[in-house]
Amino acid sequence: MLAASQRQKLDESNDTLFYEHPRFVTHVDERFIEQLTELYQERLTPNSCILDMMSSWVSHLPSDMQFAQVEGHGMNAEELAKNPRLDHYFVQDLNDNQTLPFKDCTFDAVLNTVSVQYLQQPETVFAEIYRVLKPGGIAIVSFSNRMFYQKAISAWRDSSDAHHIALVKSYFASVKGFSQPEVIANQGPPINPILQMMGMASSDPFYALIAERMEVLVK
């Protein structure tokens, strides 16, 4: 469990105000997006039901893969309305209310893309992810090293990528019934020293953790 100090943000103002205006940008580079779409292509099942949690105007789902239902959640209605992959969407601040408005065992997959660092009650949110997943369903949490620094929690903000992986692992482990998460880590090609001297950044590192909702045996 995170300590209270680890859940704090530099900007403690209401998150609704921060996300009030739409941001029609991608928060990671093209290489990250390509890897994420390839991962979805490999791990998601056509004609299944998907929850794209903490989404925006783009979901990075494979263009040639169709789903029975894609439900979108986010903080800005204007962004979500522009997302062509969403069949329906809703706005909810998960730092204020962690309860998802769905019945148990609704989705085959729950996705969270470059947003897990903003959750102040991640253990409760991951319990909700587990609840709304069908048995055998998967959760895919992907992230890089970018963030809105003032809105990331303290436990994430000043720690390493390795610690970020450990944090997300602990979120899954806090919920009885998730499988041991599979970790995918691609830190990208080595930085060209000449480009580094010129101030040109390398590509964004790609991290994803994948866990399955297991059946919990009642003794």
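Just the heavy atoms: all of them, side chains too, but no hydrogens, waters or symmetry mates, feed the values below.
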From [atom1] ([X]) to [atom2] ([Y]), nearest 0.5 Å:
X	Y	atom1	atom2	answer
Asn186	Asp204	CG	CG	11.5 Å
Ser160	Asn145	OG	CG	11.0 Å
Asp52	Ser115	CG	OG	9.0 Å
Asn83	Glu79	CG	CD	9.5 Å
Gln120	Glu12	CD	CD	5.5 Å
Met75	Ser56	CE	OG	13.0 Å

Pair listing, side chain to side chain donor-acceptor pair (under 3.5 Å) test, anchored in residues 38-48, at least two apart: Tyr40-Thr113, Arg43-Glu182

Other residues, nucleotides, ligands: >12 heavy atoms within 6.0 Å of Lys134 NZ: yes

Check against side-chain hydrogen bond (donor to acceptor under 3.5 Å, both in side chains), Asp158 and Tyr149: CA-CA 9 Å; Asp158 298 315; Tyr149 190 78; 2.3 Å; yes

Over all atoms of both residues, closest heavy-atom pair of [X] and [Y]:
X	Y	answer
Leu36	Ser142	CD1-OG, 3.6 Å
Pro101	Gln92	CD-OE1, 3.7 Å
Phe32	Pro205	CD1-O, 3.5 Å
Val28	Ser144	CG1-CB, 4.0 Å
Met147	Ala152	SD-CB, 3.6 Å
Ile184	Ile210	CD1-CD1, 3.8 Å

Output yes when a side-chain donor or acceptor of [X] lies under 3.5 Å from a complementary backbone atom of [Y], and no otherwise.
X	Y	result
Gln6	Leu2	no
Ser159	Ala155	yes
Arg85	Ser59	no
Arg213	Leu133	yes
Ser154	Gln8	no
His88	Val70	no

So, do [X] and [Y] sit near enough that their side-chain heavy atoms are less than 4.5 Å apart?
X	Y	answer
Trp57	Asn76	no
Gln35	Ile33	no
Lys169	Val183	yes
Pro46	Gln66	no
Asn97	Asp93	no
Val168	His164	no
Val132	Val110	yes
Asn112	Ile140	no

Trace of the side chain to side chain contact (heavy atoms under 4.5 Å, CB included) decision for Asn95 with Gln121: CA-CA 7 Å; Asn95 288 331; Gln121 304 296 330; 5.6 Å; no

ring-ring contact (aromatic ring centres under 6.0 Å, His included) partner of Trp156, chosen from Phe148, Tyr118, Tyr171, Phe143: Phe143

Worked check of side chain to side chain contact (heavy atoms under 4.5 Å, CB included) between Met65 and Leu44: CA-CA 9 Å; Met65 184 178 285; Leu44 300 180; 4.1 Å; yes

Stepwise side-chain hydrogen bond (donor to acceptor under 3.5 Å, both in side chains) test for Ser203 and Asp29: CA-CA 7 Å; Ser203 59; Asp29 64 16; 4.7 Å; no

Salt-bridge contact Lys9-Asp15 (side-chain N to carboxylate O under 4.0 Å): yes

Salt bridge present between Arg131 and Glu128 (N-O < 4.0 angstrom):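 Counted as a salt bridge, because a side-chain N and a carboxylate O are separated by less than 4.0 Å.
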
Side chain to side chain contact (heavy atoms under 4.5 Å, CB included) assessment of Val91 paired with His73: CA-CA 6 Å; Val91 174; His73 155 263; over 6 Å; no

Residue pair Tyr207, Val141: steps toward the side chain to side chain contact (heavy atoms under 4.5 Å, CB included) verdict: CA-CA 8 Å; Tyr207 303 103; Val141 178; over 6 Å; no

